[in-house]
Amino acid sequence: MTSPPGSGDDGSAEEPQPLMCDRCGTSAGTLADGPPLTWTHSVENGVRRSFCETCSRENLRSIEGRLDSDWW
């Protein structure tokens with residue numbers, strides 16, 4: 001049986017991906033550390049997006065109104 005690329009069945013460990021704010025680019029370390037509790041995460045058009053505490057606070061009304069980040 002063939003595994004899809006990147007499935008991790010080849011014995012190699014994936015490198016932790018850096019977590020960055022999709023709005024301002026602020027870095028929060030790596031996903032291996034776990035996402036910060038103060039960050040906001042969403043899925044827009046099938047793409048997972050993360051926003052830092054500052055961007056989340058500045059755009060709280062838009063987030064609660066479920067507007068895509070393209071609108072803010």
Side-chain angles (χ1 to χ4, degrees):
M1 185 166 145
T2 305
S3 298
S7 66
D9 288 345
D10 60 358
S12 63
E14 271 188 45
E15 298 219 5
Q17 296 294 320
L19 180 64
M20 296 183 71
C21 177
D22 287 315
R23 184 154 179 85
C24 71
T26 298
S27 177
T30 63
L31 288 176
D33 301 334
L37 296 176
T38 56
W39 281 42
T40 302
H41 306 280
S42 68
V43 177
E44 298 175 10
N45 298 320
V47 178
R48 184 169 172 89
R49 313 248 344 218
S50 299
F51 302 101
C52 68
E53 181 177 1
T54 302
C55 290
S56 297
R57 286 179 184 257
E58 289 175 355
N59 298 287
L60 182 61
R61 288 181 186 249
S62 296
I63 292 169
E64 288 179 341
R66 299 189 182 270
L67 296 175
D68 283 347
S69 58
D70 293 337
W71 287 96
W72 351 318

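Just so it is clear, the model here is predicted, and its values are computed rather than measured. Position 1 is the first residue of the sequence; numbering continues from there.
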Asker: How would you list, by chain and number, every residue that makes a salt bridge (Lys or Arg N to Asp or Glu O under 4.0 Å) with Glu53, sequence neighbours excluded?
Answerer: Arg57
Asker: Does the Asp22 side chain pair with the main chain of Phe51, one donor and one acceptor, at a distance under 3.5 Å?
Answerer: no
Asker: Distance from Leu60 atom CG to Cys55 atom SG, nearest 0.5 Å?
Answerer: 12.5 Å
Asker: Compare every heavy atom of Ser56 with every heavy atom of Thr40, then report the nearest pair and how far apart it is.
Answerer: OG1-OG, 2.8 Å
Asker: For His41 and Ser50, work out which heavy atoms get closest and say how close.
Answerer: ND1-OG, 3.0 Å
Asker: Start with the C-alpha gap between Thr54 and Arg23, add the side-chain angles, then the distance that decides, and say whether side chain to side chain contact (heavy atoms under 4.5 Å, CB included) holds.
Answerer: CA-CA 10 Å; Thr54 302; Arg23 184 154 179 85; over 6 Å; no
Asker: So which heavy atom on Trp39 is nearest to which on Leu19, and how close?
Answerer: CZ3-CG, 3.9 Å
